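Everything numeric here is computed off the predicted structure, so don't read it as measured data. Letters A, B, ... are given to chains in the order of the sequence lines, protein chains preceding strands, and every chain is numbered from 1.
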Amino acid sequence: MPELPVYNPTEIEPKWQAKWDKDGLYQANIDYNTPKFYALTMLPYTSGDFHIGHWYAMTPPDARARFKRMQGYNVMFPIGFDAFGLPAENAAFSNGIHPKIWTYANIDRFHRQIRSMGAMFDWRREMISCDPEYYRWTQWFFIQLYKQGLAYRKFAPVDWCPKDQTTLAREQVEGDDRHCYRCGTPVIKKDLEQWFFKITKYADELLDYSTIDWPDRVRTLQTNWIGRSEGAAVVFHTEQGDPIEVFTTRPDTLWGVTFMVLAPEHPLVQKITTADFKSAVNAYIQQAARQSDIDREATDKEKTGVFTGGHAVNPVNGEKIPIWIADYVLMTYGTGAIMAVPAHDQRDFEFARKYGLEVRVVIMPSDSEPLDGAKLIASIPASGDMVNSGPLTGTPADLALNAAINYIAEKGFGKAAVNYKLRDWLISRQRYWGAPIPMIYCDDCGWNQVPEDQLPVLLPDDVEWRSSGVNPLTIHPTWKYTTCPVCDKPATRDTDTMDTFMCSSWYHLRYLSPHFDQGPFDPKEYDYWMPVNTYTGGIEHATLHLMYTRFFHKALRDMGITKGPEPMIQLRNQGMVLGEDHEKMSKSRGNVIPPDDLVAHYGADTVRAYLMFYARWDMGAPWSSGGIEGAYRWVRRVWTLFTDPVEKGNPRPEALRQLRRKLHQTLKQVTHDFEVFEFNTIVSGCMELLNEMYKAREQGATGTAEWNEAVDIYLRMMAPVTPHVAEELWAFLGKPYSIHQQSWPITDLEAAAEDLITLIVQVDGKLRDRITVPVDISEEDARRAALGSEAIKKFLEGAAPKKVIVVPGRLVNIVR
RNA sequence: GCCGAAGUGGCGGAAUAGGCAGACGCGCACGACUCAAAAUCGUGUUCCGCAAGGAAUGAGGGUUCGAUUCCCUCCUUCGGCACCA
């Protein structure tokens, strides 16, 4: 008896990977006769460790890309590396390895590890963001944004990470303690002149998700981050006649304004402060400046402030109101000045009570007794009819806002206005390992862009690392010295580099033609492949990369470089693989699961199958080293069944009928689940079918046409999940290479249909009996069968049912 | 405080145009094979109960013949934002 082949993944996996590679099986080329499908997975960052999380992010989407390909799409599934950034520099600093060497060594290792997944990446399209060939175009994009006025330089208080010694964008400062997203160090404020991208210009458009299928969670996060609020801009004037504009969401409370508050940094503070109050005001300003943002923005802090001695005039009633400064008013939102309505705003209320300022009720909730401002213990947040409001007194709640806006607009001291929390994107980084900002400063001509034919501005390799952590570009002996592109006199380069999120804002375009040198991408490739059909990755980028890349696309679209409203049509987020201890994996916790060891032990197919099976993909879950055994067992059981010598048996027709039924039911379900990213039930469905096939074998089904059909479809269904073992078994059974070039099977709905069903019989909604009946049983017959059941008769105790509900094909519920 | 997501066996999870709760897998128990172990195969496995039966999808209420699914009020966990005028 010939020995059966033994399942040995470490042998078959590299074998097929090499062959697929040699045959160019996964190369994606323009084919105008085939519908395209651009499947994109977020590019990995090249820091030290390749992680099981990378497998989780990449292999289920790979399976889906393979499924799409079998469905007949021309699928592009590219991969590349986000390679600039601080970790490389930190490694250089602590180990004495140059960031470039460190980064490319990591990429080498990543190549090996990613190839072990057996994914259908088209490596010809690989991009690496720190290649000059790539960052040449990152710089070119900067210049295009600059020429459009979308990149500008501004002196402003900005977030600075003292450990990483660089500025950060607002999106990169996180948490209660306002820490750096990379290293966790609390940031401080610094006044610096930096480059910004005008993302705020697109705030409204970024709120429009009508053309994309993105998860609610991401849309909500972006919407909240953009923070649009509607209201009115109202101009007050100081006694000296200087205008002070405020933004308010409640213009209907204008008659309740009893004072104004300016941020300590507000430019008018010095001018309005009277001599008597100068020293107190200056002391307060200094104290506010010394405080960290954390202290200053703590909501539970008691409010403080000082009177400036100055007054403003309320335009609606001509009243003279005092102007205070207080640090609860932020210079960075609105206009840095507010009209205070203590009766209807809790912050203003607390401030007014503390400093003995008047509280005047101008909105009366309909169900309320008349309210006296002097006696309130908290502000009244509810809407209501306007009172004590001059000509608008008596305006009902639902008309109040519009009436107030119309009134101030008519009188000419205000208008409807919109405000956003979103700030412009600060992109300057005082670090070496990034794309240099292609700008030159000349004492005579100011800032000018590097001429495009001189791109890329190359990073110098010969740099010195000082213990102070200073950016090596600033101390390089020659690099920054150049000549002015306008007047040709000596000038200096910007020594800052770009935020790495700039690099990742357009990488999906470089995949289109990674070596194209006439532009960032080949327009012919763009027209065929874009937009991205399905984008997959972590939700942690919701208000970072995923917002930046949308902005980027829209800005480029306005320049005619890209087309369409959005870069990525469908987005799906995977969850996180936690350690077995239910904690986030980290070296320090020692709970990291190294994928290489798993592949060596179980093979890539089992790791892929387990990652798809073990949790809902969008949720993630703790890793289970016992659980993967189940996936391994499944693969081996498939192997055993399919390599078993086939002997034709003598099965009953009903057994074959049942096999086909289960087969096509499974196919229907798996097809659906691939479409909607429900990977866990794809694998469990295949497991169920396998159990059914084992039963069918017991009954002699092997060797029949039905059996052969089941084997054929089974392998096609598992090919996207476990590409190597599917290919091996496909070849073992003498089927034509390659299984990955086969089409997705068509469900035979007739075969999938049940002819008998289990009719559920309930009494008062509780299950009391199950009766097997034909699927097309009539309502009347179902009713009769249910009432004829012995078990049911027992429950009815001879009484006539009050009501009988028949759900055709499902159940009968008898109400007593 | 505000916004969002999620609570189902010992564990991961399955089932929602409202209709058999716990598919599939892990784990566990027993059995077969084996000198033995591993592997493999078989049986069982929500809880209470000998059983008949009863209870159960975070808690409480509601709608309904019928609720894991819809509505209301809470509780817990996780994520985000946070003096945003």
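- Judged purely by distance below 3.5 Å, without hydrogens or angles, the side chains of A/Glu350 and A/Tyr328 never pair a donor atom with an acceptor atom.
- Consecutive pairing runs in RNA chain B reach the stem threshold at B:1-7 with B:75-81, B:10-12 with B:24-26, B:27-32 with B:40-45, B:46-48 with B:53-55, B:58-62 with B:70-74, where a stem means at least three Watson-Crick or G-U wobble pairs with distances under 3.5 Å.
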Show your working on side chain to side chain contact (heavy atoms under 4.5 Å, CB included) between A/Asp216 and A/Trp214 and close with a plain yes or no.
CA-CA 6 Å; A/Asp216 285 347; A/Trp214 282 29; over 6 Å; no
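- For A/Asp327, the side-chain atoms get nearest to B/rC83 when compared with the rest of B/rA82, B/rC83, B/rG80.
- A/Lys584 places its NZ atom 20 Å from the P atom of B/rU77, with the value rounded to the nearest Å.
- Straight-line distance from the OH atom of A/Tyr333 to the C1' atom of B/rA85: 7 Å, rounded to whole Å.
- When rounded to the nearest whole Å, the span between CZ of A/Arg170 and C1' of B/rA82 equals 10 Å.
- Taking the nucleotide of RNA chain B with the nearest heavy atom to each of A/Tyr420 and A/Leu221, the more 5' of the two is matched to A/Leu221.
- Distance noted for atom C1' between B/rU68 and B/rG58: 12 Å (whole Å).
- Under the 4.5 Å side-chain criterion, counting only non-hydrogen atoms from C-beta, A/Asp755 is in contact with A/Arg661.
- Here the P atom of nucleotide B/rA85 and the CD atom of A/Glu230 are 12 Å apart, to the nearest Å.
- Two rings, from A/Trp623 and A/Tyr610, have their centers less than 6.0 Å apart.
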Test salt bridge (charged side-chain N to carboxylate O under 4.0 Å, His left out) on A/Asp213 and A/Arg572 and set out the steps.
CA-CA 9 Å; A/Asp213 167 21; A/Arg572 289 295 180 268; 3.0 Å; yes
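- Residue A/Asn224 is the one, among A/Glu174 and A/Asn224, whose nearest nucleotide of RNA chain B lies closer to the 5' end (criterion: closest heavy atom).
- No more than 12 heavy-atom neighbours from other residues, nucleotides or ligands sit within 6.0 angstrom of CD on A/Glu11.
- A straight line from CD of A/Glu350 to C1' of B/rG1 spans 12 Å, rounded to a whole angstrom.
- Here the side chain of A/Tyr614 is nearest to one of B/rA82, B/rA5, B/rG12, namely B/rG12.
- What separates OH of A/Tyr328 from C1' of B/rA85 is a distance of 8 Å, to the nearest Å.
- Partners of A/Arg353 under the salt bridge (Lys or Arg N to Asp or Glu O under 4.0 Å) rule, at least two apart in sequence or in another chain, do not exist in this structure.
- Aromatic rings from A/Phe259 and A/Tyr355 are positioned such that their centres are separated by 6.0 Å or more.
- Within the structure, every pair that satisfies the salt bridge (charged side-chain N to carboxylate O under 4.0 Å, His left out) test and touches residues 248-263 of chain A, not counting sequence neighbours, is listed here: A/Arg250-A/Asp252.
- Between A/Ile363 and A/His344, the shortest heavy-atom distance links the atoms N-NE2, 3.2 Å.
- Nearest to the side chain of A/Arg636, among B/rC3, B/rA85, B/rU40, sits B/rU40.
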Per-nucleotide protein contact string for nucleotides 17-31 of chain B (B base, S sugar-phosphate only, - none; heavy atom under 4.0 Å)
--BB--BBSSS----
Short heteroatom pairs, N/O only, protein and nucleotides 54-56 of chain B, under 3.5 Å:
| unit_1 | atom_1 | unit_2 | atom_2 | d |
| --- | --- | --- | --- | --- |
| B/rG54 | OP1 | A/Arg768 | NH2 | 3.3 |
| B/rG54 | OP2 | A/Arg768 | NH1 | 2.9 |
| B/rA55 | OP2 | A/Lys766 | NZ | 3.3 |

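- A/Asp764 pairs by the salt bridge (Lys or Arg N to Asp or Glu O under 4.0 Å) definition with A/Arg816, not counting sequence neighbours.
- For A/Leu262 and B/rC83, the CG to C1' distance is 16 Å, given to the nearest whole Å.
- If you take atom C1' in B/rU43 and the same atom in B/rA59, they sit 38 Å apart, rounded to whole Å.
- Rounded to whole Å, the C1' atom of B/rC26 lies 15 Å from the corresponding atom of B/rA14.
- Comparing B/rC48 with B/rG10, their P atoms sit 10 Å apart, to the nearest whole Å.
- Rounded to an integer number of Å, the gap from CG of A/Leu330 to P of B/rC81 is 16 Å.
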